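A quick note: this is a predicted structure, and the numbers were derived from the prediction, not measured.
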Amino acid sequence: MAQKNIGNMIVKHISNPKNWTKKKMAALGVAVASALVANQFAGKSNASGDKAAAKKGQTYAAKVIKVADGDTATVTDTHGAKHTLRFAYIDAPEKAQAHGIASKNALEKLIHGKQVEVYVTDVDRYSREVAVVKLQGLDVNYEQVKNGNAWHYQTYAKKSQPSGDYSRYAAALAAAEKNRVGLWSGKKPQAPWDYRAQLRAQGGNTEE
């Protein structure tokens, strides 16, 4: 029962003492108790598990609760709100591609269930926070590139990534390819942006 209706009932009965029968008093008590319980659970729902979106330039601490693929994860911040992250400056193979599952597993092994620092560089069209994620100072985005689990997404990185970091990521990509690490151990690995473009041309719809 809505709080407004309960309030109206109380006012009505106070203004007319003849209305205070035992039966109506019992009904009013049940209604008040039900409303209090409902409000208590509603408060818990709002305090925990709601999705949130941090602003560009914001840094916050969080715990990784889910890894979707090699460059996407879900975290909860210190207030219990959930954030979907798209790792900045990199692009991992889609799960249907060669090394896609291996890339996801590598990221999961590195950060799942752990406390990380999230720096939001942007918010994309899917309302995901594009972010650099650090684990005790370790640049997780960079690690994915270095270990052959993702490409350096240079088309986007050259527009916004700090020059020093851009050079570092580019060097890591070149070294992984040269040493045939991770996805580079396969023959002519297809870049995920080309794979997605191919799917779209066939009528599919994929997120980056």
Side-chain angles (χ1 to χ4, degrees), residues 54 56-75 83-126 128-199 206-208:
K56 180 179 179 180
Q58 184 176 345
T59 301
Y60 62 90
K63 180 179 180 179
V64 180
I65 60 171
K66 180 182 177 181
V67 173
D69 56 34
D71 57 30
T72 311
T74 302
V75 301
H83 302 251
T84 300
L85 309 181
R86 169 64 170 87
F87 285 49
Y89 312 130
I90 71 172
D91 201 0
E94 301 295 338
K95 285 185 288 188
Q97 288 186 267
H99 202 74
I101 297 298
S103 175
K104 172 187 179 293
N105 291 343
L107 183 61
E108 197 166 45
K109 183 178 179 180
L110 182 60
I111 64 172
H112 187 261
K114 298 179 182 178
Q115 297 290 333
V116 295
E117 179 186 89
V118 178
Y119 171 68
V120 182
T121 66
D122 205 353
V123 177
D124 70 12
R125 64 180 182 271
Y126 305 109
R128 299 174 301 182
E129 296 166 21
V130 181
V132 174
V133 179
K134 292 190 176 181
L135 174 67
Q136 298 180 343
L138 183 72
D139 184 340
V140 177
N141 306 41
Y142 172 80
E143 289 297 305
Q144 282 290 87
V145 176
K146 185 186 79 172
N147 295 325
N149 294 314
W151 272 258
H152 182 207
Y153 207 169
Q154 296 178 344
T155 300
Y156 288 95
K158 65 183 178 183
K159 299 176 183 177
S160 59
Q161 190 175 20
S163 59
D165 289 339
Y166 183 94
S167 298
R168 188 165 58 93
Y169 278 50
L173 177 70
E177 183 176 6
K178 179 180 178 181
N179 296 321
R180 303 184 68 81
V181 176
L183 66 90
W184 301 105
S185 62
K187 293 183 178 180
K188 296 181 180 180
Q190 183 182 31
W193 53 85
D194 289 335
Y195 173 79
R196 291 190 297 268
Q198 189 176 61
L199 283 185
T206 62
E207 292 184 357
E208 295 180 349

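The stretch residues 147-176 participates, sequence neighbours left out, in these salt bridge (Lys or Arg N to Asp or Glu O under 4.0 Å) pairs: D139-R168, D165-R168.
Scanning all heavy atoms of the two residues, the minimum distance from A73 to V64 falls at CB-CG1, 4.4 Å. Nearest heavy-atom pair, S103 versus G70, reported as atom, atom and distance to 0.1 Å: OG-CA, 3.3 Å. Of all the heavy atoms in P93 and L183, the pair that sits closest is CG-CD2, 4.0 Å. Residues T121 and A88 come closest through the heavy atom pair OG1-CB, 3.7 Å.
Remark: of the listed residues Q58, H83, K56, H83 is the sole one forming a side chain to side chain donor-acceptor pair (under 3.5 Å) with E129. With K63 as the fixed residue, the side chain to side chain contact (heavy atoms under 4.5 Å, CB included) test singles out one of Q115, H112, K114: Q115. Here the rule is salt bridge (Lys or Arg N to Asp or Glu O under 4.0 Å) with D71, and of K95, K104, R86 only R86 fits it. With T74 as the fixed residue, the side chain to side chain contact (heavy atoms under 4.5 Å, CB included) test singles out one of L85, I65, V67: I65.
A distance of 11.5 Å separates CZ of R128 from CZ of F87, quoted to the nearest 0.5 Å. Taking NZ of K134 as the start and OG1 of T59 as the end, the distance is 9.0 Å to the nearest 0.5 Å. To the nearest 0.5 Å, atom NZ of residue K66 and atom CD1 of residue I111 are 13.0 Å apart.
For the pair N147 (side chain) and N149 (backbone), a donor-acceptor distance under 3.5 Å is absent.
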Open item on the list: Determine whether W184 and W151 satisfy the following criterion, side chain to side chain contact (heavy atoms under 4.5 Å, CB included), listing intermediate values before the conclusion.
Closed with: CA-CA 10 Å; W184 301 105; W151 272 258; 3.4 Å; yes

Task: D91 vs W193, side chain to side chain contact (heavy atoms under 4.5 Å, CB included): CA-CA, chis, key distance, verdict - done: CA-CA 8 Å; D91 201 0; W193 53 85; 3.3 Å; yes

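You'll find the side chain of V130 stays beyond 4.5 Å of the side chain of Y156, heavy atoms only. Using a 4.5 Å heavy-atom cutoff, the side chains of L135 and L110 are in contact. Here the side chains of V120 and Y60 are in contact, with some heavy-atom distance below 4.5 Å.
The aromatic rings of Y89 and Y169 lie perpendicular to each other, with more than 60° between the two planes, well past the 30° mark.
Partners of K146 under the salt bridge (Lys or Arg N to Asp or Glu O under 4.0 Å) rule, at least two apart in sequence or in another chain, are E143.
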